[in-house]
There are 2 protein chains.
Amino acid sequence: MNNFTDELRRHNLKATPQRLAISSALHNYGHVSIDTLYEMMLGEFASISLATIYKNINIMLENSYIQEVKIPQNKTVYELTKSSHSHLVCVDCKSVEDVSVDVDEIVNKLNLDDTFLISKADLVISGVCKNCN
Amino acid sequence: MNNFTDELRRHNLKATPQRLAISSALHNYGHVSIDTLYEMMLGEFASISLATIYKNINIMLENSYIQEVKIPQNKTVYELTKSSHSHLVCVDCKSVEDVSVDVDEIVNKLNLDDTFLISKADLVISGVCKNCN
DNA sequence: GATTAAAGGATAAAGATTATATTTTAAGTT
DNA sequence: AACTTAAAATATAATCTTTATCCTTTAATC
Ligand SMILES: [Mn+2]
Ligand SMILES: [Mn+2]
Ligand SMILES: [Zn+2]
Ligand SMILES: [Zn+2]
């Protein structure tokens, strides 16, 4: 069961129908851009405002309920916050999939001879997915 | 010596004064956003058009003369194309610096048990630089 | 059920990027 | 060195994209 109501409240976000729908969309599709999210929402809420999408994406980001993934040469996508992972992006069909990479391992090697205090590492791997070759 | 004229031509780009200035700016400052690049150019070319900046950035990207670096929570920056490397971004002062990371090593591990054909990997490490802590 | 701060909707405003039309120029040719 | 021309620069309009504002609606608390 997916209780997005509780999860939203845990992040200090009121559980509105629009936010529950956004939660479901991200849960079901994984990585979604503003545009496609808006189109999806229009299916459920014929009169939803694009401003509502933007405002929610922003506050959800601030409250770490969701995270953004910036894609090279493409639109930024958003996903529900989950444990640290990296991304595979298909340059052909633009699909984004999760991949578990031990980024910490690489990052730790650096940290030793550096005074830079690392807080996170974003890795996006581009290529051609199995459906596109 | 930096012969940007030849380097531009090697990438099928006419060597205009504006492009030479953009080249110098990227060479001297490393990683520059559209905004700051425009401001810099205004110093040299009082009447340069913002459209010129955009058109040049785009064609330079297409011709691989420069590359873009998408920064989490911040503006995209551009740099002259150089050998593969990763980036350290300070969440405080927003400075971007190059760092050599063997991303291929990690990536190769994945490739073995995956049908995804990798073409490149972008790694951006966020944290606090030595000047900001 | 009443109260209220927060959120949604409609739309304007602001910001960012691209397109269009005209002038200027880099680079090749005579 | 002047001639030619396609490409680039400029100015500005047009087109997104994102945020702000105002008013209405509602989720959460009592
Ligand atoms: Mn993901
Ligand atoms: Mn760099
Ligand atoms: Zn694909
Ligand atoms: Zn710093």
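Proteins come first, then strands; the chains are lettered A, B, ... in the order of their sequence lines, and each starts at number 1.
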Between the protein and nucleotides 24-30 of chain C, which nitrogen or oxygen pairs come in under 3.5 angstrom?
from   : atom 1 : to      : atom 2 : distance (Å)
C:dA27 : OP1    : B:Arg9  : NE     : 3.0
C:dA27 : OP1    : B:Arg9  : NH2    : 3.2
C:dA27 : OP1    : B:Ala15 : N      : 2.9
C:dA27 : OP2    : B:Arg9  : NH2    : 2.5

Between protein and nucleic acid, restricted to nucleotides 14-18 of chain C and to nitrogen or oxygen atoms under 3.5 Å apart, what atom pairs and distances do you find?
from   : atom 1 : to      : atom 2 : distance (Å)
C:dT17 : OP2    : B:Tyr54 : OH     : 2.1
C:dT17 : O5'    : B:Tyr54 : OH     : 3.3
C:dT18 : OP2    : B:Asn58 : ND2    : 3.1

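Atom CD1 of A:Ile53 is separated from atom P of D:dT17 by 15 Å (rounded to the nearest Å). Atom CG of A:Leu42 is separated from atom P of C:dG8 by 15 Å (rounded to the nearest Å). For B:Ile22 and D:dA8, the CD1 to P distance is 12 Å, given to the nearest whole Å. A:Glu44 has its CD atom 12 Å from the P atom of C:dG9, to the nearest Å. Note: CD1 (B:Ile59) to P (C:dA19) measures 13 Å, nearest angstrom. Taking atom CG of A:Leu20 as the reference point, atom P of C:dG8 lies 10 Å away to the nearest angstrom. In this structure, NZ of A:Lys55 is placed 12 Å from C1' of D:dT24, rounded to the nearest angstrom. In this structure, the CG atom of A:Asp6 is 10 Å from the P atom of D:dA28, given to the nearest Å.
When the local axes at the two ends of the helix from C:dG1-D:dC30 to C:dT30-D:dA1 are compared, using 5 base pairs at each end, they differ in direction by 50° after rounding to 10°.
Proximity of a side-chain donor or acceptor of A:Thr81 to a complementary backbone N or O of A:Ser64 within less than 3.5 Å is detected. At distances below 3.5 Å, not a single donor-acceptor pair connects side-chain atoms of B:Ser126 with backbone N or O atoms of B:Val89. Panel note: side chain A:Asn63, backbone A:His11; a donor-acceptor pair is recorded below 3.5 Å. A side-chain donor-acceptor contact under 3.5 Å links B:Arg19 to the backbone of B:Lys14.
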Kindly indicate, with the supporting measurements, whether the criterion salt bridge (Lys or Arg N to Asp or Glu O under 4.0 Å) is fulfilled by B:Lys70 and B:Asp122.
CA-CA 9 Å; B:Lys70 291 197 172 185; B:Asp122 293 294; over 6 Å; no

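Not a single side-chain hydrogen bond (donor to acceptor under 3.5 Å, both in side chains) links B:Arg9 to another residue, sequence neighbours left out. Remark: B:His87 pairs with B:His31, B:His85 by the ring-ring contact (aromatic ring centres under 6.0 Å, His included) rule, at least two apart or across chains. Shown here are the side-chain hydrogen bond (donor to acceptor under 3.5 Å, both in side chains) partners of A:Lys55, two or more places apart in sequence or in another chain: there are none.
B:Ile22 and B:Val96 end up in different hydrophobic clusters when Ile, Leu, Val, Met, Phe, Trp and Tyr side chains are linked at under 4.5 Å. Put simply, B:Leu80 and B:Met41 are part of the same group of oily side chains (I, L, V, M, F, W, Y) that touch within less than 4.5 Å, one to the next.
At least one side-chain nitrogen or oxygen of B:Asn56 sits closer than 4.0 Å to the OP1 or OP2 atom of D:dA9.
From B:Met60, atom CE reaches atom CD of B:Glu68 across 15.0 Å, with rounding to the nearest 0.5 Å.
Nearest-nucleotide mapping onto DNA chain D: of B:Asn12 and A:Ser49, the residue sitting toward the 5' end is B:Asn12.
At a threshold of 4.0 angstrom between heavy atoms, the contacts of B:Thr52 include nucleobase atoms, whether or not backbone atoms are also involved.
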